[in-house]
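Note sheet for the following structure.
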Amino acid sequence: MDPLRDASASLERQERHQQAAPPVTFTGRKTLVAAAALVVLIAGALLIRPARTGDDARPPGPSERARAAVGMGAPVAAVDLVALVADREKWVAEHRDDEGSWAVLGSAYLEQARRTADPAWYPKAEGALKRSLELRPAEKGNFDAMTGMGTLANARRDFGTGKKWGELVRAQEPKRWTAYPVLVDAYTGLGEYKAAQAAMERLVELRPGLAAFMKASQVYRDRGWREDAAMSMEHAGGAAKAPAEKGYVLFRLGELAWERGDHTEALKQYEAALRTDPGQAGALGGRARVLAALGRGGEAVRDYRLALGRAAVPALALELGELLESLGRGDEAKAVYDGLPAQAARTGVNEEVLLGRFEADHGDPTAAVRRLTAEWSRHKSVQVADALGWALHKSGDDVAALEYAKKATEQGVRLADFAYHRGLIERGLGDDAAARRHLEEALRTNPRFSPVRAPLAKEALAAIGKPPAGGPENMQPTKPWVAPELPKAKPSPKPKPKPSPSGR
């Protein structure tokens with residue numbers, strides 16, 4: 001056989017086959033047939049998988065945005081929150097047995113209470129959540145209502161109740177991440193900081209995101225790990241999507257900057273928070289605090305009053321009163337102080353620590369001790385320890401005061417007020433060295449931490465004075481050092497020569 005002839009024959013056969021196959025062209029009839037086939041395929045696909053909510057390309061509406069944020073434990077824009085409340089109220093009026101909608105409505109009411117500081121929202125939230133639990137009890141796994149009840153208890157600063165709800169959810173569903181933000185807040189309020197850290201770490205493991213990063217920042221701040229706290233909050237900012245979420249993260253970054261005495265950075269963060277979420281009263285109060293530290297008292301008073309107009313927070317009212325007092329506007333300060341106890345009583349929140357601090361500084365220190373001793377029996381947090389130690393100092397019992405001041409400062413949190421209180425307590429006990437150390441720490445942490453207390457810290461530090469030259473007592477010899485006379489070394493004897501073997 002001739003290989004060349006065989007190859008030529010094969011090539012001829014291929015050419016004949018290609019000529020027999022007509023070119024592919026689309027006529028009008030073929031186009032219609034192809035289109036019809038495509039329609040059939042699409043219809044079949046829709047029969048196999050019906051359209052879903054996520055297939056809608058339209059952006060979510062206000063109530064949908066708010067519902068998603070409430071479910072994530074994230075801050076919600078005021079307009080979206082109003083829409084969600086109206087939507088769920090209308091729905092449950094017609095569907096009284098929808099336990100899920102009652103739980104959502106309760107959480108929305110609770111978010112309204114957080115944004116406005118209006119105590120009327122707390123009973124409404126409790127009623128909606130309890131209605132949800134009536135329809136589907138806790139033992140049947142109504143987790144949304146259970147976590148809502150825990151969040152409500154923490155918001156009212158009833159941390160023992162918050163802990164019970166959080167642990168109940170965790171016991172039934174250990175991997176349900178929504179239990180862990182409740183537990184972090186409850187454990188922190190109770191002073192159980194190791195448990196709070198463990199709950200935070202579990203939350204980050206189960207659901208890393210906005211809520212987890214914010215709780216991590218809170219835990220790290222309480223441990224005194226400032227860089228970790230700031231980094232976690234920046235991670236939260238990266239996870240935030242809605243303006244209300246970003247605004248809250250910026251506000252928290254401003255708080256961290258303020259606590260470490262970086263006033264320029266704090267002011268920048270507070271103003272960014274207000275540009276992002278103009279309705280945020282906390283950021284407005286924070287900006288007022290920084291302006292007061294920068295010597296811009298008039299602007300600070302304006303911002304405090306605007307913040308209190310948006311949310312009547314007693315802590316901001318106390319700061320305003322002290323600023324007015326430092327500016328020599330005593331009558332205005334007195335008006336603020338006179339209204340503070342009634343304002344705190346109207347909040348529907350446990351304000352015992354704030355009222356104890358107020359009474360210690362501006363009222364009856366003995367009454368402050370009684371109030372804060374009772375609070376310590378319920379909540380052993382560093383905030384309660386600091387306030388109780390200060391009240392004991394103001395009432396004249398510095399020995400007992402120091403024990404609580406140590407509990408407040410040795411946990412790790414680094415706050416100028418805590419160091420200032422401990423310094424003055426130690427000065428009252430005559431321990432000038434320790435007092436100097438903690439007063440310097442207060443002013444180093446935040447040189448203008450209070451318009452009233454920062455000047456007092458400087459005065460106390462000046463009165464103590466510098467430590468004596470030469471270091472602490474018994475550290476330096478009383479006489480000049482003289483080199484001792486060391487014994488001279490004795491010359492070693494020369495070895496005797498050995499006799500030779502011949503005896504010569």
Side-chain angles (χ1 to χ4, degrees), residues 66 69-70 73 75-82 84-86 88-89 92 102-133 145 147-162 164-165 181-182 185-186 188-189 244 248 251 277 279-286 304-321 335-359 371-372 374-375 378-379 381 383-384 387:
V70 165
V76 185
V79 63
D80 293 352
L81 195 56
V82 170
L84 176 61
V85 168
R88 290 300 90 187
E89 284 181 337
V92 298
W102 280 111
V104 171
L105 183 58
S107 296
Y109 286 152
L110 183 54
E111 179 65 13
Q112 281 281 35
R114 187 193 69 80
R115 284 194 67 94
T116 64
D118 183 351
W121 292 107
Y122 289 117
K124 297 183 74 171
E126 185 176 2
L129 293 169
K130 284 185 174 179
R131 174 59 180 164
S132 179
L133 288 168
T147 54
M149 290 294 287
T151 305
L152 172 63
N154 288 336
R156 287 171 159 172
R157 300 197 182 101
D158 181 5
F159 299 111
T161 302
K164 290 177 182 177
W165 282 111
V182 175
D185 289 342
T188 300
Y248 184 76
F251 160 65
D277 183 9
Q280 191 175 135
L284 196 53
Y304 272 127
R305 294 197 188 281
L306 286 173
L308 288 166
R310 295 179 186 179
V313 179
L316 293 180
L318 180 56
E319 290 182 21
L320 172 59
V336 174
Y337 292 153
D338 289 346
L340 187 64
Q343 181 182 355
R346 289 193 299 268
T347 62
V349 174
N350 177 358
E351 296 285 3
E352 292 299 286
V353 174
L354 177 82
L355 290 172
R357 286 174 42 220
F358 169 69
E359 289 177 341
R371 181 188 295 274
L372 291 166
E375 181 65 10
R378 296 184 291 268
H379 303 132
S381 67
Q383 286 76 19
V384 182

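No hydrogens, no waters, no symmetry mates; every other heavy atom, side chains included, goes into these values.
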*Using a 4.5 Å cut-off on heavy atoms from C-beta on, say whether the side chain of Thr116 contacts that of Trp121.*
yes

*Sequence-distant partners of Ser132, side-chain contact (heavy atoms from CB on, under 4.5 Å), two or more places apart*: Glu99, Trp102, Ala103, Asn142, Ala145

*Kindly confirm or rule out a cation-pi arrangement of Arg371 over Phe358, judged by NZ or CZ under 6.0 Å from the six-membered ring centre and within 45° of its axis?*
no

*Not counting sequence neighbours, which residues clear side-chain hydrogen bond (donor to acceptor under 3.5 Å, both in side chains) with Arg357? List them please.*
none

*Return the minimal non-hydrogen interatomic distance between Ala120 and Pro123, and the atom names on each side.*
O-CD, 3.4 Å

*Spacing of CG belonging to Leu152 relative to CG belonging to Asp158, to within rounding of 0.5 Å*: 9.0 Å

_Atom of Leu84, atom of Ala108 and distance for their closest heavy-atom approach_ = CD2-CB, 3.9 Å

*asked:* My understanding is that only residues two or more places apart in sequence, or in another chain, count here; which of them pass side-chain hydrogen bond (donor to acceptor under 3.5 Å, both in side chains) with Lys130?
replied: Glu126

_Set of residues satisfying side-chain contact (heavy atoms from CB on, under 4.5 Å) with respect to Ala281, sequence neighbours excluded_ = Arg310, Ala311

*Would a 4.5 Å heavy-atom cut-off, applied to side chains only, mark Glu89 and Leu105 as touching?*
yes

_For a 4.5 angstrom cut-off between non-hydrogen side-chain atoms, does Thr161 reach Met149?_
no

*Tell me, do Leu284 and Gln280 make a side-chain contact under 4.5 Å, heavy atoms counted?*
no

*Who pairs with Gln112 by side-chain hydrogen bond (donor to acceptor under 3.5 Å, both in side chains), at least two apart in sequence or on another chain?*
none

*asked:* For Lys124, is the NZ atom crowded, meaning more than 12 foreign heavy atoms sit under 6.0 Å from it?
replied: yes

*asked:* Quick check: do Glu319 and Val313 have side-chain heavy atoms less than 4.5 Å from each other?
replied: no

*Test side-chain contact (heavy atoms from CB on, under 4.5 Å) on Thr151 and Glu111 and set out the steps.*
CA-CA 10 Å; Thr151 305; Glu111 179 65 13; over 6 Å; no

*Start with the C-alpha gap between Asn154 and Phe159, add the side-chain angles, then the distance that decides, and say whether side-chain contact (heavy atoms from CB on, under 4.5 Å) holds.*
CA-CA 5 Å; Asn154 288 336; Phe159 299 111; 3.5 Å; yes

_With a 4.5 Å cut-off on side-chain heavy atoms, are His379 and Asn350 touching?_
yes

_side-chain contact (heavy atoms from CB on, under 4.5 Å) against Val349, all qualifying residues, sequence neighbours excluded_ = Tyr122, Arg157, Thr347, Glu351

*With Asp185 via side-chain hydrogen bond (donor to acceptor under 3.5 Å, both in side chains) - residues at least two apart*: Lys215, Gln218

*Name all residues meeting the salt bridge (Lys or Arg N to Asp or Glu O under 4.0 Å) criterion together with Arg131; count only those two or more places apart in sequence or in a different chain, and write none if there are none.*
Asp97, Glu134

*Could you pull out all residues at least two apart from Tyr304 that satisfy ring pair (Phe, Tyr, Trp, His ring centres under 6.0 Å)?*
none

_Heavy-atom pair of closest approach, residues Gly106 and Ala125_ = O-CB, 3.4 Å

*Please name the pair of heavy atoms, one in Ala387 and one in Val353, separated by the smallest distance, quoted to 0.1 Å.*
CB-CG1, 4.0 Å

*Mind checking side-chain contact (heavy atoms from CB on, under 4.5 Å) for Ala317 and listing every partner two or more places apart, or none if nothing turns up?*
Leu308, Val336, Leu340, Gln343

*Indicate yes or no: at least one non-hydrogen side-chain atom of Leu318 is less than 4.5 angstrom from one of Tyr337.*
yes

_Atom of Gly348, atom of Pro119 and distance for their closest heavy-atom approach_ = N-CB, 3.9 Å

*Identify the heavy atoms of Ala307 and Leu316 that sit nearest to each other, and give their distance.*
CB-CD1, 4.0 Å

*Any residue meeting salt bridge (Lys or Arg N to Asp or Glu O under 4.0 Å) with Arg305, in chain and number order, not counting sequence neighbours*: Glu332

